[in-house]
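Below is one structure, written out as structure tokens; comments come after it.
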Amino acid sequence: MAESPNRSASVRPPTLALNPQETLTADTFIRGLWKENPVFVMLLGMCPVLAVTNTSINALGMGLATTFVLVGSGVLVSLLRNWIPKQVRIASYIVIIATFVTVVDYGIQAISLELYAALGAFIQLIVVNCVILGRAEAYASKQRLHTTLINSLGMGAGFTLALLSLGTVREILGNGSLFGVPLFGESFQPWVIMVLPPGGFFVLGTWLLLFNWLRLRKERKAMQQSGVAANAG
Amino acid sequence: MQDESLYLIFLNAAVVNNFVLALFLGICPFLGVSAKKETAWNMGLAVIFVMLVSSVSAYGINWLLTELDLLFLRLICYIAVIASAVQLVEMLVKRYSPALFRSLGIFLPLITTNCAILGLALFQTAKEYDFVQSLVYALGAGGGFMLALMLMAGLREKLELARVPSVSQGAAMSLMLAGLLSLAFMGFAGLGGSHG
């Protein structure tokens, strides 16, 4: 923040020198959206992804709540990173996260009782979302405040994006509506299984299939190109 | 206070509202440790133990915090107790079975962030179960978790021998399998009372 680079370098313990501080680039944010998407690439935090994505409104609410906790706990962990002893760090992170979750829990209850009822216990279960603890341990505990802030925002956005991509598909197929607005006429026969538990598994599985297919195609293309280059040379 | 019979509570937690396949709790270990039946069995035992410990503790904490009027601290206390219980299991397993300790790997400490455990504590509080009911609920939930894990492990062991398209290897295939299992478990709906 306001401290000069010289001073922060002298204060920093020697172990941290092993983890170079990331400089703030656009990649710090964008990475969370696509290349390191917490759900589709790292397969973290699957429980809320499957459980509360039966409508797009629930998905959006859950995504925003998780983003808030992610950013809040990331900032606090980053600020306290030189004061938390290594031995009790996981317990400290969990207490920090639980504090922010309690805030969100009471916040949502105050803003929308309807959303609170729909999300149910899954708001409190944000505590055990591995995306958040993973970020705290792997990123926030080593990086400076502003990069942590941007990176957490990116991760939160990526998580929300993943929730929405499940929520919209499931709501359209299983309920024939989007954000509560009916899309098709009266005669639409909803595919009910999609809003029930099995639908969550199927839709997420299908998304992963799609991403696998894209990745394999890209790899094949790259291989062909390098093959052509080798032949030409 | 709930006046459900113990038998119904057990059945409800184990199959009708199976924690993994109907309530989506504990998906990470469900996908992570279900590659072999033996590991799945041991993981199931560890989870049942931690569930019983946290169920008893959650009952005590809830009573104490209600007396002191400090309910906003409930979540933090629950997670602290669960983390300690997991630490205890980890030390026991490491002491008595180093082989098992290695095969469970990172998933043993990660029981702390297994939402099935915290979920159990939160649900039993929300449903206002008394002490015995809480214990039976924990047993049912743990049993259900183990059942789902074992079924999945059995399926995945068979799948090792099958030829699947390269696109669907890994997590995508496991999720499709889980979807089919979940579909099968929907057949139990209505068996043990209707509440969620």
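Taking CD1 from B:I76 and CD1 from A:I97, the interatomic distance works out to 11.5 Å, rounded to the nearest 0.5 Å. Note that CG of A:L204 and OG of B:S174 are 11.0 Å apart. Values are rounded to the nearest 0.5 Å. Annotation: the span from B:L183 atom CG to A:L196 atom CG amounts to 9.5 Å, rounded to 0.5 Å.
The part of B:I79 that comes within reach of chain A is its side chain, from C-beta onward, which places non-hydrogen atoms under 4.5 angstrom from that chain. With a 4.5 Å cut-off on non-hydrogen atoms, B:F123 touches chain A through its side chain but not through its backbone. Heavy atoms closer than 4.5 Å to chain A are found in the side chain of B:L122, but not in its backbone. Residue A:Y106 touches chain B through its side chain alone, counting heavy-atom pairs closer than 4.5 Å. Within the 4.5 angstrom heavy-atom criterion, only side-chain atoms of A:I193, from C-beta onward, approach chain B. With a 4.5 Å cut-off on non-hydrogen atoms, B:L180 touches chain A through its backbone and its side chain both. Both the backbone and the side chain of B:A171 come within contact range of chain A, judged by heavy atoms closer than 4.5 Å.
Smallest separation of non-hydrogen atoms from A:Q124 and B:L118: O-CD2, 4.0 Å. Closest of all the heavy-atom pairs between A:C47 and B:G26 is SG-N, 3.6 Å. Counting all heavy atoms, side chain and backbone alike, B:F24 lies closest to A:F201 at CE2-CE1, 3.4 Å. The two residues A:P198 and B:G179 make their nearest non-hydrogen contact at CB-O, 3.7 Å.
In this structure, B:Y7 places its OH atom where only 12 or fewer heavy-atom neighbours from other residues, nucleotides or ligands lie under 6.0 Å away. Atom CZ of B:F49 has 12 or fewer neighbouring heavy atoms from other residues, nucleotides or ligands inside a 6.0 Å radius. Taking a 6.0 Å sphere around CD of A:E219, one finds it holds more than 12 heavy atoms contributed by other residues, nucleotides or ligands.
Residue with the most contacts toward chain B among A:N212, A:L50, A:L133: A:L50 (heavy-atom pairs, distance under 4.5 Å). Chain B forms more heavy-atom pairs under 4.5 Å with one residue of A:C130, A:A121, A:A51 than with any other, namely A:A51.
With a 4.5 Å cut-off on side-chain heavy atoms, B:L25 and A:L125 count as touching. Here the side chains of A:D105 and B:L75 are not in contact, with every heavy-atom distance at 4.5 Å or above. Contact of the B:M173 side chain with the A:L209 side chain is not registered, since no non-hydrogen atoms from C-beta on lie closer than 4.5 Å.
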